[in-house]
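The structure appears below as structure tokens.
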Protein chains: 2
Amino acid sequence: MSAKIKDVAAAAGVSVATVSRALGSGPVSAALRQRVEEAAKQLGYRPNLSARRLRSQHTQTVGLIVSDIRNPFFTAVSRAVEDAAYQAGMRVILCNTDENPDKEAMYLRLMEEERVSGVIFSPTRDTARRLRPDAYGFPVVMIDRSGPAGQADAVVLDNRLAAAQLVEHLLAQGYRHIGGLFGNTSSTGSERHAGFEAALAAHGLAGEGRFIAPTAEAAETVVTQWLAEEQRPDALIASNGLLLLGALRALQRAGLSSPHDLALAGFDNEVWTGLVGNGLTVIEQPVYEIGRTAMEMLLSRLDDPGLSIRSVVLAGRLLVRGSTSPHPSAQGVFGQP
Amino acid sequence: MSAKIKDVAAAAGVSVATVSRALGSGPVSAALRQRVEEAAKQLGYRPNLSARRLRSQHTQTVGLIVSDIRNPFFTAVSRAVEDAAYQAGMRVILCNTDENPDKEAMYLRLMEEERVSGVIFSPTRDTARRLRPDAYGFPVVMIDRSGPAGQADAVVLDNRLAAAQLVEHLLAQGYRHIGGLFGNTSSTGSERHAGFEAALAAHGLAGEGRFIAPTAEAAETVVTQWLAEEQRPDALIASNGLLLLGALRALQRAGLSSPHDLALAGFDNEVWTGLVGNGLTVIEQPVYEIGRTAMEMLLSRLDDPGLSIRSVVLAGRLLVRGSTSPHPSAQGVFGQP
DNA sequence: GTAGCAATTGAAATCGATTACATTTTTGCT
DNA sequence: AGCAAAAATGTAATCGATTTCAATTGCTAC
């Protein structure tokens, strides 16, 4: 078995308390610290973190609960969280919920058992509504999604604004029949839908928003069917990367192209959106910043639990690309360039 | 503070030992178990995992050390590992090394301090060479990359075969001047290069392989420059998703397209490879299976440490798409279809 | 020389569970 | 009914560190 603190103490000829202080931050004479470090290295001593956590009563661990790490949005966020966490001397436990409230509950329970310092969480709408963050022994920072105002710290995109920006852009390009795909499990979907409706209403228009399961497959199915309807929209907005992917696949399968047959735009600046055709117009989210900010909020709340609940709302950036070039009818008598 | 086992014992009118057994798997009468569960629920009792791990001396935790979780290959693998782990009642600690040997060493030390049951690791070439897995207190399963034979359990792609398959395919399509991009930090790059060279040699040809840093940026720079050289290749192979992305971007930036100006093929069936143009020909890796297999190997070794070192080699699947359609000169008198 | 004080060091308690061992209760069998 | 064996329960040791509190040491000042 590996060396314990007692062995180091024996080897260095001091007490275990001195070893603990020498390796940590207690007051120890330089000579002894040297001897202890020597002995520890000699024996290949590794402190047992379980023992340390048990005794010291803090775990230096944060939980990160996301719906699916395969979604590049969460991947990027999680990378930012981890970078920030390890920099602050904390470890991260990563959990995937698959948008499943049962799994969310299970992982929250696990976080309690781990006695984590805090949790960064992107809950489903149902869980967000039901969540009572002060019922847990740790603070919760929500990312991407949020619950009732003032419920917990949160860092989210300005979803209404971003959706409205997309709509305004499409309107400016001459599109009038705009459809929208929105995820039906998160607050994000609802908010983006609200911005979508509001922007259209501001122009005296109405759009058709459809709420679906947040998977590429669902989007592909719905859009394929939608395209076959008699009056199909002339532009489509997808409220996240997965839905955008499904929509694109449906277009390709139907032999249609963007913007010729239908303008396409969406959320999340994933790698492929810049590569297909002349590029897909998207709202780019400050993914790394979201993760880093969430971690910072968590750390500052741990530092001072008395802080009032804060919500950080970050703006997205509209990246205009080829998939939303001007509507044919808006190009005037000169036709296509 | 939250309830401890002692509180539950008091509430149920039994000893702490009984509580431990009732909530775990000891022999307890049905009546008492009922009473204990009742009390535990009443008090919102959550066992302290640090205490449990310290006493029971097993952590039910595995470390997963990858170079970058933003790489979709590792994302998919990690998802598989986590699914398998949680299914086996184990937790996963995820670490990103950025292909940096110092970070690798740091995380291996952290894994020792966590007293993890085992580690799944995709090491850089340097670390793989230097690693002495029996120097740690836990078994190591390597994924994607491996070190000297018999050093540690590993699950890898049949890299030589896969690279050769790509080359054979390109040759069959009529390409003769084939270039290759390979990552310079992992054994994977070397092996794929070996398969590349061997397949060409078997046809009496020589290709030009270039070893570069495994990033899209590096690939883009190198390929941009390569395309400007007087005798550019007529086909290019990229040894992973990042390099393939960089190569594609270089092509697009140069205003070239595939396969018209240059055939392009590579590794990793990432989402976008099926979306751009007529699709990119790639070797698809069984990513989920790799992760699951790694976890299974780890579990079986934990079960029986005496097992001899095993290496599982999985075959990739060649997905032929538009980027490698027949070379113009090979299309005969009929021209394009 | 010694009282007073700060800086080190050590002894022992402690964190919250599991588990070895001891004890009590129940069961099964004649 | 009586006794051995089995099952259930309790007592107390234990995991490996940190931390409290007490003891020691080394200085300074008078």
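Excluded from the calculations below are hydrogen atoms, water molecules and symmetry mates; all remaining heavy atoms, backbone and side chain alike, are included. A, B, ... follow the sequence lines: proteins, then strands. Residue 1 opens every chain.
- At the phosphate of D:dT18, neither OP1 nor OP2 sits under 4.0 Å from any side-chain N or O atom of A:Ser56.
- At least one donor-acceptor pair closer than 3.5 Å links the side chain of A:Asn240 to the backbone N or O of A:Leu242.
- Nucleic acid contact class of B:Val14 (heavy atoms, under 4.0 Å, all strands): sugar-phosphate only.
- For the pair B:Ser29 and D:dA8, the criterion of a side-chain N or O lying under 4.0 Å from OP1 or OP2 is not met.
- More than 12 non-hydrogen atoms from other residues, nucleotides or ligands lie less than 6.0 angstrom from CD of B:Glu113.
- If you measure from atom CG of B:Leu32 to atom C1' of C:dT26, you get 13 Å, rounded to the nearest angstrom.
- In this structure, B:Pro27 reaches the bases: a heavy-atom distance under 4.0 Å links it to at least one base atom across the strands shown.
- For the residue pair A:Ser187/A:Ser190, the side-chain donor-acceptor check at 3.5 Å is not satisfied.
- OP1 and OP2 of C:dT9 both lie 4.0 Å or more from every side-chain N or O belonging to A:Ser15.
- In this structure, A:Arg55 places its CZ atom 12 Å from P of C:dA13, rounding to the nearest Å.
- Looking at A:Arg145, A:Glu99, A:Glu104 one by one, the single match for side-chain hydrogen bond (donor to acceptor under 3.5 Å, both in side chains) with A:Thr127 turns out to be A:Glu104.
- Atom CZ of A:Arg53 and atom P of D:dT19 are 14 Å apart (whole Å).
- Distance from the side chain of A:Thr18 is smallest to C:dT9 among C:dA11, C:dT9, D:dA17.
- Under a 3.5 Å cut-off, the side chain of B:Asn96 and the backbone N or O of B:Asp98 do not form any donor-acceptor pair.
- Here the P atom of nucleotide D:dG16 and the CG atom of B:Leu54 are 7 Å apart, to the nearest Å.
- Dashed line: the shortest gap from a side-chain N or O of A:Tyr45 to OP1 or OP2 of D:dA17 is under 4.0 Å.
- Summarising the geometry, the separation between CG on A:Asn48 and C1' on D:dT14 is reported as 13 Å, rounded to the nearest angstrom.
- The nearest whole Å value for the distance from the CG atom in B:Leu23 to the C1' atom in C:dT18 is 13 Å.
- Evaluation of atom-type donor-acceptor distances gives no pair under 3.5 Å for the side chain of A:Arg52 against the base of D:dT18.
- Atom-to-atom, CD1 of B:Ile5 to P of C:dT19 comes out at 11 Å; the value is rounded to the nearest Å.
- Within the structure, every side-chain polar atom (N or O) of A:Gln57 is placed at least 4.0 Å from both OP1 and OP2 of D:dT19.
- Taking for each of B:Arg33 and A:Arg46 the nucleotide of DNA chain D with the nearest heavy atom, the 5'-most of the two is the partner of B:Arg33.
- With hydrogens and angles ignored, a donor-acceptor pair under 3.5 angstrom links the side chain of B:Arg21 to the base of D:dG10.
- Comparing C:dA12, C:dT19, D:dG10 against the side chain of B:Ser20 picks out C:dT19 as the nearest.
- To the nearest angstrom, C1' of D:dA17 lies 14 Å from CD of B:Glu114.
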